[in-house]
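Everything below concerns the one structure shown next.
Both counts, for ligands and for their atoms, begin at 1 and track the order of listing. Side chains are part of it too, since the values below use all heavy atoms of this structure and drop only hydrogens, waters and symmetry mates.
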Amino acid sequence: MTSPTVFQYRAGQLHAEDVPLSALAETAGTPFYCYSSGMIEGAYGAVVEALSGLPATVCYALKANSNLAVVRSLAKLGAGADVVSEGEMRVALAAGVPADKIVFAGVGKTREEMASGLRAGILQFNVESLPEMEALSEVAQSLGTQAPTAIRVNPDVDALTHEKISTGRAENKFGIDLAHMPGAVRRAMELPGISLQGLAVHIGSQLTDLAPYGVAFERLAGLYRDLLGQGIPLRRLDFGGGLGISYREETAPDLAAYAALVRQAAADLPAGLIFEPGRFLVGNAGVLITRVLYVKQGAARRFLIVDAAMNDLIRPSMYDAWHRIIPVAAPAPGAGEEPVDIVGPICESADTFAKQRLLPPVTAGELLAICSTGAYGAVMSSTYNSRRLAPEIMVRGKDHAIVRARPDYAALLADAPLPDWLKDDRAPTATRGVA
Ligand SMILES: *Cc1c(COP(=O)(O)O)cnc(C)c1O
């Protein structure tokens, strides 16, 4: 299972598998992300095992972490891919995911993206509106083909998760409302470029309570049965992703119980089943390592100012997410704890990783690990404040490899040509400026 035990103290130093994180900090500099390939593989294996006996394809949702080495690790185990952009589709293909295991999701696919998916020969497009379905039909026709299509249903279920990652309620932008499904199915059957093959749901992310899944799966299966009764036998049901992980005290949903809900809803149906876990496969397999730059004693609070910032990891600012933060050097036994705010260097109060967190005494120069950052971490990073993206390192046993390098400063200027009217002899360019 995906307990965070892969990151453990040994001889007083936090390790990723068999590699001391302090050694990686010496060579790669900070901040950096570190992923455990063993943990990713373990989480994938657990999902596959729970679903064993079902005609299941596990399509890893790349948006959680689309690092090529991460996707490749899963592809080598047989995973398919759930992609939401042409970029993600290209990463999945480059990682060796077979095209016929790629599902293309998302409410706003462009015609170019549709064409690229059709040319690649992907398994299916999950469409989320009638206008999108019409566009897909036109694009497919223009290429002399039909688009394998599933309709994403909005089952109007509250996933009981953070508002910004809840996607299955009627007021959310996702999917086609149940009430509109008969018309949508009719339209799909009429459109010459659409080959209707399935139904899909995805009700949200970081679900820790399984009950909403039960309701959504039953609604989806009910719809499938209705269509079967009307002589429309669809080939596939896609149950989406959303399985939560333990960041703090939450218990990750029990995979066996999840699989039982799937079996209850769909085991008797003549349909292939698709699952799209993202966070569950990678979330606890990553840490963000950062160095304390300064310890600042304010009038009311003590601040640890670290060299990672909200541009590297936006989840605390964006979702009020709680991440475990621990020192990389094991605290002395019996060391007391004191409340600190752990903040980045960016000039926004939102650039805060934790408030009034109890930590053993930490001094400037020490390393901290921000845990459970393998999902929606590096992929959501930006260069805000003209900061370079943090590198990513993958560990496997005693081995490690940089799987995304820290860009050099020239890269920040490389794609920003000046218009002629702003050029003069002293204009700074990538080749001038600081050497
Ligand atoms: C985001 C997303 C996923 C993955 O969600 P997780 O919570 O990371 O498992 C799966 N399917 C779709 C359609 C998504 O948008």
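Among pairs with a residue in residues 131-171, those fulfilling ring-ring contact (aromatic ring centres under 6.0 Å, His included) read H162-Y319, at least two apart in sequence or across chains. Counting only residues at least two apart or in different chains, salt bridge (Lys or Arg N to Asp or Glu O under 4.0 Å) contacts with residues 306-320 comprise D312-R387.
Ring geometry for F125 versus F104: interplanar angle under 30°, hence parallel rather than tilted (30 to 60°).
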With a 3.5 Å cut-off and sequence neighbours excluded, list the donor-acceptor pairs that the side chains of residues 251-271 form with protein atoms.
unit_1, atom_1, unit_2, atom_2, d
D254, OD2, A257, N, 3.2
R263, NH2, S52, O, 2.6
D268, OD1, R225, NH2, 3.2

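Checking D82, V70, V97 one by one against Y60, the side-chain contact (heavy atoms from CB on, under 4.5 Å) holds for a single residue, V70.
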Name each N or O atom in ligand 1 that is under 3.5 Å from a protein N or O, and give the partner atom and the distance.
unit_1, atom_1, unit_2, atom_2, d
ligand 1, 7 (O), S205, OG, 2.3
ligand 1, 7 (O), G242, N, 3.4
ligand 1, 8 (O), R279, N, 2.8
ligand 1, 8 (O), Y376, OH, 2.6
ligand 1, 9 (O), G242, N, 2.8
ligand 1, 9 (O), G278, N, 2.9
ligand 1, 11 (N), D82, OD2, 3.3
ligand 1, 11 (N), E276, OE1, 2.6
ligand 1, 15 (O), K63, NZ, 2.7

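A donor-acceptor contact closer than 3.5 angstrom links the side chains of Y35 and N65.
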